[in-house]
**Student:** 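To start, I am sharing the structure in question, which I have written as structure tokens.
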Amino acid sequence: MAGAAMTTTFLAVIGGASLLAVTARRLHPCDRLPSLEGWALADRGLGAGWTWLLLGGTVYTAYTFTAVPGLAYGNGASAFFAVPYTVIVCPLAFVLLSRLWEVARRHGYITAADFVRGRYGSPPLALVVALTGILATMPYLALQLLGIRAVLTAGGLYPSGAAGDLAMVAVFAGLAVATYRHGLRAPTVIAALKAVAVFVSLTAVCWLVLDRFGGPGAVFDGAARALGGTDPADSPLVLTPGQQPAYATLALGSALALLMYPHVLTAGFAADGTRTLRKVSAGLPAWTALLALFGFLGIAALAAGVRAPAGGAEAAVPMLVDRLMPGPLAGLVFGSIVVGALVPAAVMSIAAATSFVRNVYVEYVHPTATPKRQVRVAKAVSLTAKLGAVAFVFGLRDQDAINLQLLGGVWILQVFPAVAVGLYTRWLHPRALLAGWAVGMAAGTYLVVREGFSSIVPLVAGSPEIYAGVAALVLNLAVAVAATPVLARLGVPRGPDATDLPSRPRAGRRPPTGANNA
């Protein structure tokens, strides 16, 4: 059982998050009538500091902070694909997210599907973008709860039986109420606590690890021995040539996919301008450094001889923390990771609800819904999404959520042509994009399921393994590019473009970027 000091510190961190959520209403208060933009995007009024906290707290989830060190603990070097992947995200966000923000602000778009609807004039294409985002987000939301449970169990803070389940529901319930009332403002203020708690606790853990082992070199040497590596050239902590294609494509594909997730776009759209987003994109590597240190702790758990349960490698770092740190500091770490799950979980539920209201409910069910009714429906859907995630966690195996999240990353990547490519050219026909999306979804799902729900797959027997999402995206683009001239020759009409963006890049010039050209 957890010590009294650990439990007290843990409850203090969770209590602090709850108190901050109560103050969310004071963050950029607005006296205007209720609107979906106000509830879901905080009236697009977040400055650079708040946006950095919210976007970083949304992108770097609690499950990431447990899964990456768990993968390092179990597989060694391949786990560190997350570091280049999150580094690649920064320039992509600098270019794509700021441009998309400007178009969205000018035309009142709240979701990526709104942009696709305006850009291509195609309701079916906008619908599949919205539904893909919702489908990919739901298992990701469930994984935040799994991350909470793994941390609490490893720290002895999760009572056995129904008592533990009720404790986790209680932690989640406070966030659900705050999000229901205050929308995106609630996770924004909690993100401030997440940043402080995670940075402080991680610094303390790493200092203790280095003090115990005598330096990073000793940690890696001990981990290599634990993984069975005797020759440095054959160390599991060094990528083999056969692993490099998978490592590179997984990093690239994950980076492209991340910016298509609705919760990431929701956090970005809440900024007060493109200049803010560019500043924040330049500052995101600070969060990447945190992720690298968490991966290092997975290596340290190996060196320390931590024995995680079979199939539960994500518990390795919490077990290391419980072993090395005094009770109060261990409680701080566990509380930080739990708060780290609350921020992205809230934003994910808001993003899924917003996509449903804007691109399904208003488009197909109630086109004349007033802004007040849209907010009411979004609140209900957001709450339903959280309840669904809780039911999913308690009703199915942990591995089911992980499998669906792996598929979700492959699926969300298939909207990249419609959204990201559409920011610079409208040459691709909307029906060609629909065909490419369908082929990419089918191919990506087949590849992952064929390999027993592994996202790293060989295209054919004996070929190097690569990320299934990238393979599906290449096929998606190939179909869209090949079908576009065929549809044009057949005279299939396009919908109108309402975005004021250029239809295609001008020959000999780079596509214009920036706020003045969006």
Side-chain angles (χ1 to χ4, degrees), residues 96 99-100 103-104 106-107 109 111-136 253 256-257 259-260 262 265 355 358-365 367 407 410-447 459-460 468-513 517-518:
L96 295 179
R99 183 172 176 84
L100 188 57
V103 180
R106 177 173 298 183
H107 298 284
Y109 300 151
T111 68
D114 285 349
F115 164 73
V116 171
R117 177 72 167 85
R119 180 61 159 158
Y120 296 99
S122 172
L125 184 59
L127 179 63
V128 301
V129 169
L131 293 180
T132 303
I134 295 171
L135 187 64
L256 297 177
L259 290 179
M260 298 297 104
L265 293 177
S355 293
R358 289 282 291 196
N359 308 117
V360 179
Y361 181 76
V362 173
E363 185 75 36
Y364 295 97
V365 179
L407 280 173
V410 173
W411 292 337
I412 198 65
L413 190 52
Q414 306 316 308
V415 307
F416 189 85
V419 178
V421 177
L423 281 170
Y424 296 96
T425 176
R426 195 172 175 262
W427 179 78
L428 293 171
H429 197 285
R431 295 194 183 183
L433 286 167
L434 267 174
W437 169 85
V439 170
M441 291 285 284
T445 303
Y446 168 75
L447 289 171
L459 294 182
V460 295
V470 169
L473 177 61
V474 170
L475 189 57
N476 179 344
L477 286 167
V479 170
V481 170
T484 291
V486 174
L487 292 170
R489 184 177 293 273
L490 293 175
V492 179
R494 298 169 177 262
D497 179 8
T499 62
D500 302 326
L501 285 165
S503 295
R504 58 179 57 84
R506 297 179 182 178
R509 295 183 59 185
R510 295 176 60 190
T513 59
N517 297 306

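Note that this is a predicted model, so its numbers are computed, not measured. Here, residue 1 is the first one in the sequence, and each next residue gets the next number.
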**Student:** For the residue pair V419 and A112, what are the closest heavy atoms and their distance?
**Tutor:**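 Closest approach of V419 to A112: CG2-CB, 4.2 Å.
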**Student:** Work out which heavy atom in V481 is nearest to a heavy atom in P485; give both atom names and the distance.
**Tutor:** O-CD, 3.0 Å
**Student:** Among all residues two or more places apart in sequence or in another chain, which pass the side chain to side chain donor-acceptor pair (under 3.5 Å) test with N359?
**Tutor:**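 With sequence neighbours excluded, N359 shows a side chain to side chain donor-acceptor pair (under 3.5 Å) to T111, D114, given in chain and number order.
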**Student:** Tell me the closest heavy-atom pair linking L447 and A468, and the distance in Å.
**Tutor:** CB-CB, 4.2 Å
**Student:** Identify, with sequence neighbours excluded, every residue that meets side chain to side chain contact (heavy atoms under 4.5 Å, CB included) alongside P496.
**Tutor:**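 Counting only residues at least two positions away or on another chain, P496 forms no side chain to side chain contact (heavy atoms under 4.5 Å, CB included).
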**Student:** If you round to the nearest 0.5 Å, how far is CZ of R106 from OG1 of T499?
**Tutor:**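 Going from OG1 on T499 over to CZ on R106, the span is 9.5 Å.
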**Student:** Shortest non-hydrogen contact from I412 to P262?
**Tutor:**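 Result for this residue pair: CD1-CD, 4.3 Å.
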**Student:** With F115, which residues qualify under ring-ring contact (aromatic ring centres under 6.0 Å, His included), at least two apart?
**Tutor:**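 So F115 forms no ring-ring contact (aromatic ring centres under 6.0 Å, His included) with any residue.
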**Student:** For residues L459 and A471, report the shortest heavy-atom separation together with the two atoms involved.
**Tutor:** CD2-CB, 3.7 Å
**Student:** Start with the C-alpha distance between L127 and L131, add both sets of side-chain angles, then the distance that settles side chain to side chain contact (heavy atoms under 4.5 Å, CB included), and finish with yes or no.
**Tutor:** CA-CA 6 Å; L127 179 63; L131 293 180; 3.9 Å; yes
**Student:** Output side-chain donor-acceptor pairs under 3.5 Å for residues 428-444, partner residues at least two apart or in another chain, one line each.
**Tutor:**
| from | atom 1 | to | atom 2 | distance (Å) |
| --- | --- | --- | --- | --- |
| H429 | ND1 | R431 | N | 3.1 |
| H429 | NE2 | V492 | O | 3.1 |
| W437 | NE1 | T132 | OG1 | 3.1 |

**Student:** Tell me which pairs pass side-chain hydrogen bond (donor to acceptor under 3.5 Å, both in side chains) where either residue lies in residues 470-488, with sequence neighbours left out.
**Tutor:**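 For residues 470-488, and leaving out neighbouring residues, the side-chain hydrogen bond (donor to acceptor under 3.5 Å, both in side chains) pairs sorted by first residue read Q414-N476.
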**Student:** What are the two closest non-hydrogen atoms of L265 and L259, and how far apart are they?
**Tutor:** CD2-O, 3.2 Å
**Student:** For the atom pair CG (L96) and OH (Y424), what is the distance rounded to the nearest 0.5 Å?
**Tutor:**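 L96 CG to Y424 OH: 5.0 Å, rounded to 0.5 Å.
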**Student:** With a 4.5 Å cut-off on side-chain heavy atoms, are V410 and T445 touching?
**Tutor:** no
**Student:** In Å and rounded to the nearest 0.5 Å, what is the NE2 to CZ distance from H107 to R119?
**Tutor:**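 The CZ atom of R119 is 9.5 Å from NE2 of H107, to the nearest 0.5 Å.
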**Student:** Judged by atom type as modelled, is there a donor-acceptor pair below 3.5 Å linking the side chain of R494 to the main-chain atoms of R426?
**Tutor:** yes
